[in-house]
2 protein chains.
Amino acid sequence: MDFNEAAVFVKVVQAGSFSAAARQLQLPTSTVSTRVARLEQRLGVTLLQRTTRRLHLTEAGNAYFEHAALGLGHMLEAEAAIDAARQEPQGKLKITAPADLGDSMLSGLVQQVQTQYPALEVELVLTERYVDLVAEGVDAAIRTGQLRDSSLIARPLGIACWAAFASHDYLAQAPALREPQDLNHHHCLQFSPMGRDAWTFRRGPSSITVPLKGNTMANSIGIVRNMALSGQGVALLPTYICKPGLVMGDLERVLPEWQAQADPVHLVYPRQRFMPPKLRVFLDIAQAELRPWFSDNA
Amino acid sequence: MDFNEAAVFVKVVQAGSFSAAARQLQLPTSTVSTRVARLEQRLGVTLLQRTTRRLHLTEAGNAYFEHAALGLGHMLEAEAAIDAARQEPQGKLKITAPADLGDSMLSGLVQQVQTQYPALEVELVLTERYVDLVAEGVDAAIRTGQLRDSSLIARPLGIACWAAFASHDYLAQAPALREPQDLNHHHCLQFSPMGRDAWTFRRGPSSITVPLKGNTMANSIGIVRNMALSGQGVALLPTYICKPGLVMGDLERVLPEWQAQADPVHLVYPRQRFMPPKLRVFLDIAQAELRPWFSDNA
DNA sequence: AATTACTTTTCATTTAATTGAACAATCATG
DNA sequence: CATGATTGTTCAATTAAATGAAAAGTAATT
């Protein structure tokens, strides 16, 4: 089954002659002649009755032409759809990120993408679980920690540092807090993935692990942060969601010389033969938007 | 633009893998792989995201697939329409014949064709003018006289003989009619294409031309025949419409040893690469039906 | 954990299609 | 009426595609 023969036949009928069709298709007349003849041979019917310099569509030829012309129309629409998608980033962009990234950061990113490219739809999927990008049709992911899938392409965004924070109100009435051990006399607000039993701090080569009572714990970083803001205690939070100037960013870093975990953050996406325009523009915007959040000098 | 690449791509999506598509298309996997890759190269987009043993349609791939699958559906319908037409004679059969052929003969022929092949439609075009079969989309023609288009294929049907006829009633009260010259004393009913000024008769090597008054003349052989039946005079008519046993066939041949014009009759049709089934069956039925009308011993 | 089975890709060889040139036939023009 | 232009077909040379075999990687089975 050779659909290119059908395409040539349809063009011959539309053009009214082999020669005119050859000109429009930019093919030699011998190619046009041969392809139509081959189609007739394969179908076992005369599609075009030829007298010298004149063509006439047979009844069978007309029936075939009607269906084939519709078919070709759809094929051309398929190519036009691809042409349109190649020129302008469009369609749906599906991004996954850990739940503990800040709302401000992510909502800012999505806003930037859609402001610059209104034709793009964005679906943001926040989850803790590992997402197989290819299998789940996800265009890109923001990942913290060590990467484990080497088939993906990774672009580093920076380092996510975790540190201790508390509100002014809390600190004003709480005992002094100069060393990590002092946390034994404080109410510790724990984000469960960041240590259920103890917090570990580092300063240069030194490392101190402080056992915790586990009195208050949640697996939502927003909830832990809100508790800290309301003066309930000291929380271990990533520095990127506690930056000055953020709405409700009125937390004060305590034990500033000590930092807890430090994770690399990457933007990852599947290797593929052709980079979709929507992904290319997203990667550029994401790096511009996100890198400042993960820089060391905050 | 290569539609065969699109066809293979559609099949890969439908089958779920290159290997399964290759089996269904009865192509090597290398052909399937190469064609899809070539399509992606030509379009400049990734249509299928491949991980080992797994395929995933991209957004662009999905858009292309939807249009292309519709297109292929129409293409397959085109081929199915041809398959159907090739197996069973169907569609419209357009036949042309001279106006002076008998109604009984032609209506008998059409009835035979449609009894044996109910799917066939028949359009009978009676005309005096020359019909360009190819240009006018006519499948076949019944022609009398010498043929002049050598590009057509001709099947001889016999000889159409013209002779003098009159009704019993007319002959009972008319003068004797033993020689062609006796026609001077008779009312001659003329069919205008068969001589407006004179009738010529032949018997063996002898030939007599009888001048006519031109009193009664019509260009419809049916009208001339009806006038003869109603006893208005002597008419020159083709022997095939005055055969005994025909409804309203009560005409008597006069001057039986003399005959007027004798024309060969042929069935003609355009030479073409493939014989449509409808034409093939028509030709067979037409020869069986018509030859007896034009045989010499009537 | 090792082996087998399956998928997709790549490459050298084989096979097939394309094309330029020539030819035959008809139409348009002078 | 002769000539030139155009159409469609055919064929040998050229170009391109298809394919079998091999390779790499992963999943399923023992």
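Quick note on labels: first sequence line is chain A, next is B, and so on, each numbered from 1. Just so we're clear, the structure is a prediction, and the values are computed from it rather than from any experiment.
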Taking atom P of D:dA17 as reference, at what distance in whole Å does atom CZ of A:R35 sit? 11 Å
Do B:T200 and B:T209 have side-chain N/O donor and acceptor atoms under 3.5 Å apart? yes
Are any of A:T31's side-chain N or O atoms less than 4.0 Å away from OP1 or OP2 of C:dT19? yes
Which part of the nucleic acid, if any, lies within contact of A:S30, taking any heavy atom under 4.0 Å across all strands shown: a base, the sugar-phosphate backbone alone, or nothing? base
Separation of atom CG in A:L27 from atom C1' in D:dG8, rounded to whole Å: 15 Å
When you measure from the side chain of B:T34, which nucleotide among D:dT9, C:dT9, D:dT19 comes out closest? D:dT19
With respect to the phosphate group of D:dG8, does any side-chain polar atom (N or O) of A:S19 fall under 4.0 Å of OP1 or OP2? yes
A:L55 has an atom CG; how far is it from atom P of C:dC27, in whole Å? 13 Å
C:dC6 C1' sits how many Å from B:R50 CZ, rounded? 17 Å
With respect to the phosphate group of D:dT10, does any side-chain polar atom (N or O) of A:R38 fall under 4.0 Å of OP1 or OP2? no
Can you measure B:R23 atom CZ to C:dC6 atom C1' for me and round it to whole angstrom units? 9 Å
Nearest whole Å is fine: how far is C:dT10 C1' from B:F18 CZ? 14 Å
CG of B:L48 versus C1' of C:dT7: gap in Å, rounded? 14 Å
Tell me if the CG atom of A:D284 is crowded by more than 12 foreign heavy atoms within 6.0 Å. yes
Side-chain (A:E123) to main-chain (A:K94) donor-acceptor, under 3.5 angstrom: no
Report the distance from atom CG of B:D2 to atom CG of B:L39, rounding to the nearest 0.5 Å. 8.5 Å
Between D:dA17 atom P and A:N4 atom CG, what is the distance in whole Å? 11 Å
Plane angle bin for A:H74 and B:H74 - parallel if under 30°, tilted between 30 and 60°, otherwise perpendicular: parallel
Using a 4.0 Å heavy-atom cut-off across all strands, classify A:S17 as base, sugar-phosphate, or nothing. sugar-phosphate
